[in-house]
Amino acid sequence: MASMAALTLPSSSSSSSLSSLFSVGSLDHGAFVSNESRIRMCSNGGVRCDLSESLKHVNGKPTIPIVTERTLPKFLESARMEQRVDRSSTRLKLFSGSANRLLSQEIACYMGLELGKINIKRFADGEIYVQLQESVRGCDVFLVQPTCPPANENLMELLIMIDACRRASAKNITAVIPYFGYARADRKTQGRESIAAKLVANIITEAGANRVLACDLHSGQSMGYFDIPVDHVNCHPVILDYLASKRICSSDLVVVSPDVGGVARARAFAKKLSDAPLAIVDKRRHGHNVAEVMNLIGDVKGKVAVMVDDMIDTAGTITKGAELLHQEGAREVYACCTHAVFSPPAIERLSSGFFQEVIVTNTIPAPKSHFPQLTVLSVANLMGETIWRVHDDCSVSSIFQ
């Protein structure tokens with residue numbers, strides 16, 4: 001029998017005093033929407049949902065809030081109230097690959113669905129075998145599978161899952177890719193380089209996917225590599241909602257881009273933080289996964305610096321940037337990213353004392369080696385709402401307005 005995990009609803013008492021942090025749409029931990037048909041109420045008033053795996057804890061802190069729509073932050077509540085849709089469809093099927101099954105369970109819990117039955121195994125020589133164990137004929141199928149490490153294994157598994165659904169006569173197949181691993185190879189910076197992002201996009205399309213749903217691609221141009229519709233989910237509202245609980249005075253904040261390429265991302269993030277000032281780390285890269293910081297553009301003296309990036313791989317760029325920020329007089333440094341790839345020696349670098357807190361999401365499973373500064377936020381509610389809207393042919397972009 002699946003284990004039962006009691007989930008505590010966050011208090012709304014602190015949200016009113018933090019509203020000054022945001023200039024557009026204060027994000028509120030206490031905005032709840034009830035749907036009794038999709039949750040079980042406990043005798044003590046808590047909320048329970050069925051998970052086949054116990055909830056993960058990082059350094060004694062649970063991954064921040066997963067569960068049902070009763071914990072919807074304000075940006076999702078307003079989107080849900082936009083129009084009433086039928087959430088009882090039996091034509092929607094949600095399947096999970098093996099890359100991040102816990103996230104898939106959280107998404108299913110939010111949506112009030114059970115994960116579809118699927119058999120995924122490896123032969124002795126490493127070949128992948130996939131068999132759907134329930135009918136998907138004429139159904140709208142969503143396959144949740146990030147291409148996180150081992151990237152090639154997980155990508156191949158996704159392709160075989162798509163092929164299995166196509167051959168089982170699914171009406172629509174959506175590849176839900178919380179982390180699209182080849183998005184960094186999105187252009188040619190030197191001669192005789194491949195553009196792997198385009199290649200992988202072609203492979204996913206040819207396998208039979210009708211649509212892709214991805215989170216925080218490395219660059220927006222990657223959407224154009226697909227010849228099928230792409231829904232791009234911005235996970236920043238989840239991080240912003242958490243930062244609202246940090247009680248940081250808005251006049252002390254400065255948002256920092258760790259490189260010139262991330263300026264647009266950092267500017268959009270800063271606009272939500274009471275239009276906070278922006279600083280840029282000027283970096284010279286001498287090779288892949290090797291970064292050398294040269295200069296800082298902007299003023300961070302006496303400020304709380306929030307570094308924003310789409311991913312942290314080996315953590316070389318963001319750690320050297322944090323070191324420079326402290327040299328320039330920053331009081332505290334927070335690192336925020338969506339995808340915690342954390343390739344060695346990332347853990348050692350991030351736990352070296354330069355960061356007050358490292359805030360990431362669970363698009364990639366939490367690392368086995370934890371450190372005290374790490375906080376993992378869940379994007380399950382956000383992705384679950386997006387899947388419902390894709391299935392119901394509703395607007396996705398309106399969630400983030």
Pairwise side-chain contact, Tyr110 with Met383, heavy-atom cut-off 4.5 Å (strictly under) | no

Under-4.0 Å salt bridge between Glu357 and Lys246 | yes

Please say which of Val176, Ile118, Leu115, Leu143 ends up in a side-chain contact (heavy atoms from CB on, under 4.5 Å) with Ser96.
-> Leu115

Please list all pairs passing the side-chain hydrogen bond (donor to acceptor under 3.5 Å, both in side chains) test where one or both residues lie in residues 152-161, with sequence neighbours left out.
-> Ser98-Glu157, Arg122-Glu153, Arg122-Glu157, Gln145-Glu157, Asn152-Tyr182

Ion pair Arg389/Asp392, N-O distance below 4.0 Å | no

Check: Glu206 side chain, Ile203 main-chain N or O, donor-acceptor pair, under 3.5 Å = no

Please answer whether the main-chain N or O of Thr363 pairs with a side-chain N or O of Asn100 as donor and acceptor at a distance below 3.5 Å.
-> yes

Do Lys121 and Tyr129 meet the cation-pi criteria used here (NZ or CZ under 6.0 Å from the six-membered ring centre, within 45° of the axis)?
-> yes

With a 4.0 Å cut-off, would you call Asp163 and Arg167 a salt bridge?
-> yes

Decide salt bridge (Lys or Arg N to Asp or Glu O under 4.0 Å) for Asp252 and Arg331; before the verdict, give the C-alpha distance in whole Å, the side-chain angles of both, and the deciding distance to 0.1 Å.
-> CA-CA 9 Å; Asp252 290 342; Arg331 193 169 80 240; 3.6 Å; yes

Before accepting this row, confirm whether a basic side-chain N of the pair Asp231/Arg211 lies closer than 4.0 Å to the acidic partner's carboxylate O.
-> yes

Electrostatic pair Lys93-Glu134, nearest N-O below 4.0 angstrom | yes

